[in-house]
Q: 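Just passing along the structure, written as structure tokens.
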Amino acid sequence: MGSLEEIKSLIHSYDDWEDIKNKPRPYVFAINKPEQSLVYFGSTHSRESNNEQFIILEKEWEQFLKKTGEENRVVFVEGGLRTVRSTKEEAILKDSESGFITYLANQATIEIVCPEPDRNTERKELLKEFTKEEIQYYYFARTIPSWHEVRKTSDVNFADHLDRYKQELRKGVDDEWRDFDFSLENMRSIHRKIFHSEFDEQDIDYIKKILNPTTEESVVNKVARASSAFRDVNIISKIEEYWNLGKSIFAVFGFAHAVTEEPALRKLLT
């Protein structure tokens, strides 16, 4: 297996973004052996069930089931394991493409794995370069785009949406973060310190701009870049581990992960 350092050397860096950003979306690639297959679906994050990407995802899934042996299949999802929903529409509304593939995998009785490092492991890595305030503001800001997606089909307000964020924090905060102030008031304060402006959850374009890992305009962009790169390396390592066990893998992650990880996976799995 490739070491983490070797994997890091094989993935696209965000310095390559101008060369790879114009690939089709969703971006799908496959690596095949006679009795084994990896299908990597690079999605655009959407919670609208009429989005064409879900038609494409389902077709790719059906082809994957046809060409792989049912004993050795596994599904990889982004951002943690999801609750199995009762309908396709509910799965997409609640959890986007990760919810939909969870729904499909459950119907086929296929194991679902999240290959990403846990939040505490990632925090420890990020603390080598960033402050607690910068790291946690980044995690907080990541909840805003999902709220805007949910609002397209639901009346959920921002405070209620943040309850999920707070529940997730309580699951895995280690001693080093036990006394950190995760409140909305503190996030607003950190925003003012970093950006010298007031936080506005309605300004989705600004939030997306500061979360973009392809630029380094602010420290939050830099945190996003470091977080994404660390996750990429760990995702590839876990894919390689399952591949070496003979598993066929259907992976559903965001577009950037797909195009960034592809060269490393083609090198390591073929």
Side-chain angles (χ1 to χ4, degrees), residues 43-51 53-54 77-83 85-87 89-100 102 114 116 118-120 122-123 126 130-173 177-213 215 217-225 227-228 231 253-256:
S43 67
T44 56
H45 299 308
S46 171
R47 295 173 187 258
E48 298 178 77
S49 59
N50 62 353
N51 188 304
Q53 78 165 345
F54 295 112
V77 297
E78 179 175 9
L81 299 180
R82 303 306 203 279
T83 300
R85 309 295 179 178
S86 57
T87 66
E89 290 73 20
E90 182 188 14
I92 294 170
L93 174 63
K94 297 290 187 181
D95 294 301
S96 192
E97 66 279 351
S98 293
F100 185 39
T102 296
C114 177
E116 299 181 62
D118 63 64
R119 184 62 58 83
N120 283 330
E122 185 176 322
R123 280 194 179 108
L126 294 175
F130 305 101
T131 69
K132 288 182 179 180
E133 288 76 15
E134 292 162 349
I135 294 166
Q136 195 53 51
Y137 181 84
Y138 162 69
Y139 289 137
F140 163 74
R142 280 173 51 180
T143 69
I144 314 303
S146 63
W147 175 59
H148 280 265
E149 283 293 326
V150 170
R151 288 176 68 213
K152 293 177 181 178
T153 52
S154 170
D155 294 330
V156 63
N157 62 41
F158 186 55
D160 290 340
H161 183 73
L162 281 183
D163 282 343
R164 177 175 175 179
Y165 154 78
K166 293 174 183 176
Q167 290 167 13
E168 290 176 352
L169 289 175
R170 294 189 189 105
K171 291 178 185 176
V173 176
W177 289 78
R178 195 72 64 188
D179 297 327
F180 188 84
D181 182 359
F182 293 104
S183 69
L184 175 58
E185 291 74 16
N186 193 40
M187 295 301 108
R188 292 183 184 278
S189 176
I190 295 169
H191 181 97
R192 284 193 292 271
K193 290 176 185 176
I194 295 174
F195 299 105
H196 309 291
S197 64
E198 293 299 319
F199 170 75
D200 180 5
E201 65 270 21
Q202 302 290 346
D203 193 350
I204 184 60
D205 291 336
Y206 186 78
I207 295 296
K208 286 183 176 180
K209 179 181 177 182
I210 65 176
L211 287 172
N212 185 352
T215 72
E217 293 185 23
S218 76
V219 69
V220 179
N221 295 114
K222 294 176 182 179
V223 175
R225 178 176 290 205
S227 168
S228 186
R231 290 165 62 210
F253 287 82
F255 169 85

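If you read the sequence from its start, that first residue is 1, and numbering goes on from there. Every heavy atom of this structure was used, including side-chain atoms; hydrogens, water molecules and symmetry mates were not.
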Q: Taking all non-hydrogen atoms of both residues into account, name the closest pair between Ser197 and His191 and its distance.
A: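 Reported closest heavy-atom pair: O-CD2, 3.0 Å.
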Q: Go through the steps to decide whether Cys114 and Arg82 satisfy the test side chain to side chain contact (heavy atoms under 4.5 Å, CB included), and finish with yes or no.
A: CA-CA 10 Å; Cys114 177; Arg82 303 306 203 279; over 6 Å; no
Q: To the closest 0.5 Å, what do you measure between CZ (Arg142) and CD1 (Ile207)?
A: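 Nearest 0.5 Å value for the CZ-CD1 distance: 13.5 Å.
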Q: Parallel, tilted or perpendicular: which one describes the rings of Trp147 and His161, with boundaries at 30° and 60°?
A: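 It falls in the tilted class, 30° to 60°.
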Q: Are the charged groups of Arg231 and Glu78 less than 4.0 angstrom apart, N to O?
A: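 So Arg231 pairs with Glu78 through a salt bridge.
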Q: Any side-chain heavy atom of Asp203 within less than 4.5 Å of one from Asp205?
A: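 With C-beta onward as the side chain, the pair touches.
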Q: Give a yes-or-no answer on whether the side chains of Ser189 and Asn186 include a donor-acceptor pair shorter than 3.5 Å.
A: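 Distance-only check fails for Ser189 and Asn186.
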Q: Do other residues, nucleotides or ligands put more than 12 heavy atoms under 6.0 Å from the NZ atom of Lys94?
A: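 Not more than 12 within 6.0 Å, no.
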Q: To check you understand the geometry: which heavy-atom pair defines the closest contact between Val150 and Leu93, and what is its length?
A: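 Distance-wise, the nearest heavy atoms are CG2-O, 4.3 Å.
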Q: What heavy-atom pair brings Glu116 and Gly80 nearest, and what distance separates the two atoms?
A: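 Taking Glu116 first and Gly80 second, the nearest heavy atoms are OE2-N, 4.4 Å.
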Q: Of all heavy-atom pairs between Ala91 and Gly99, which one has the smallest distance, and what is that distance?
A: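 Here Ala91 and Gly99 meet closest at CB-O, 3.4 Å.
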Q: Roughly how far apart are Ile144 CD1 and Leu162 CG, rounded to 0.5 Å?
A: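 Reported to 0.5 Å precision, the distance equals 6.0 Å.
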Q: Checking side chain to side chain contact (heavy atoms under 4.5 Å, CB included) for the pair Ile190/Met187: CA distance, chi angles, key distance, verdict?
A: CA-CA 5 Å; Ile190 295 169; Met187 295 301 108; 3.9 Å; yes
Q: Taking it one step at a time, do Lys222 and Arg225 satisfy side chain to side chain contact (heavy atoms under 4.5 Å, CB included)?
A: CA-CA 5 Å; Lys222 294 176 182 179; Arg225 178 176 290 205; 5.6 Å; no
Q: For Phe54 versus Ser49, what's the shortest heavy-atom pair and its separation?
A: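 Minimum heavy-atom separation between Phe54 and Ser49: CD1-O, 4.1 Å.
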Q: Is there a donor-acceptor contact under 3.5 Å from the side chain of Thr102 to the main chain of Ser98?
A: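 Yes.
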Q: Aromatic ring centroids of Phe195 and Tyr206 under 6.0 Å?
A: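 Ring-ring flag for Phe195/Tyr206: true, centres closer than 6.0 Å.
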Q: Which heavy atom of Tyr139 sits nearest a heavy atom of Glu122, and at what distance?
A: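 Looking at all heavy atoms of both residues, the closest pair is OH-OE2, 2.9 Å.
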Q: Under the side-chain hydrogen bond (donor to acceptor under 3.5 Å, both in side chains) rule, collect the residues that match up with Lys152, sequence neighbours excluded.
A: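 Partners of Lys152 under the side-chain hydrogen bond (donor to acceptor under 3.5 Å, both in side chains) test: Glu48, Glu149.
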Q: With a cut-off of 6.0 Å (strictly less than), are more than 12 heavy atoms of other residues, nucleotides or ligands near CG of Asn50?
A: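 Counting other residues, nucleotides and ligands, CG of Asn50 exceeds 12 neighbours.
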Q: Nearest 0.5 Å please: distance from the OG atom of Ser183 over to the CZ atom of Phe140.
A: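 Between atom OG of Ser183 and atom CZ of Phe140 there are 9.5 Å.
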Q: When rounded to the nearest 0.5 angstrom, what distance separates CZ in Phe182 from CD in Gln136?
A: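 Answer for the CZ-CD pair, Phe182 versus Gln136, is 4.5 Å.
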Q: What distance separates Asp95 CG from His45 NE2, expressed to the nearest 0.5 Å?
A: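 That separation rounds to 12.5 Å.
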Q: Are the side chain of Asn221 and the backbone of Ile210 linked by a donor-acceptor contact shorter than 3.5 Å?
A: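 Flag set: sc Asn221 to bb Ile210 pair under 3.5 Å.
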Q: Hey, what's the ring geometry for Phe158 with Phe199, parallel, tilted or perpendicular (30° and 60° as the breaks)?
A: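 Phe158 vs Phe199 ring planes: tilted.
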Q: Can Phe253 and Glu97 be said to form a side chain to side chain contact (heavy atoms under 4.5 Å, CB included), step by step?
A: CA-CA 8 Å; Phe253 287 82; Glu97 66 279 351; over 6 Å; no
Q: Tell me whether Arg188 is salt-bridged to Glu201, with the criterion being a basic N under 4.0 Å from an acidic carboxylate O.
A: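 Salt bridge between Arg188 and Glu201, a charged N being under 4.0 Å from a carboxylate O: yes.
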Q: Please enumerate all residues that pass side-chain hydrogen bond (donor to acceptor under 3.5 Å, both in side chains) together with Glu217, with sequence neighbours excluded.
A: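 For Glu217 there are no side-chain hydrogen bond (donor to acceptor under 3.5 Å, both in side chains) partners, ignoring immediate neighbours.
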Q: So, taking the atom named CD in Glu134 and the one named CD1 in Ile194, what distance separates them when rounded to the nearest 0.5 Å?
A: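 It comes to 5.5 Å.
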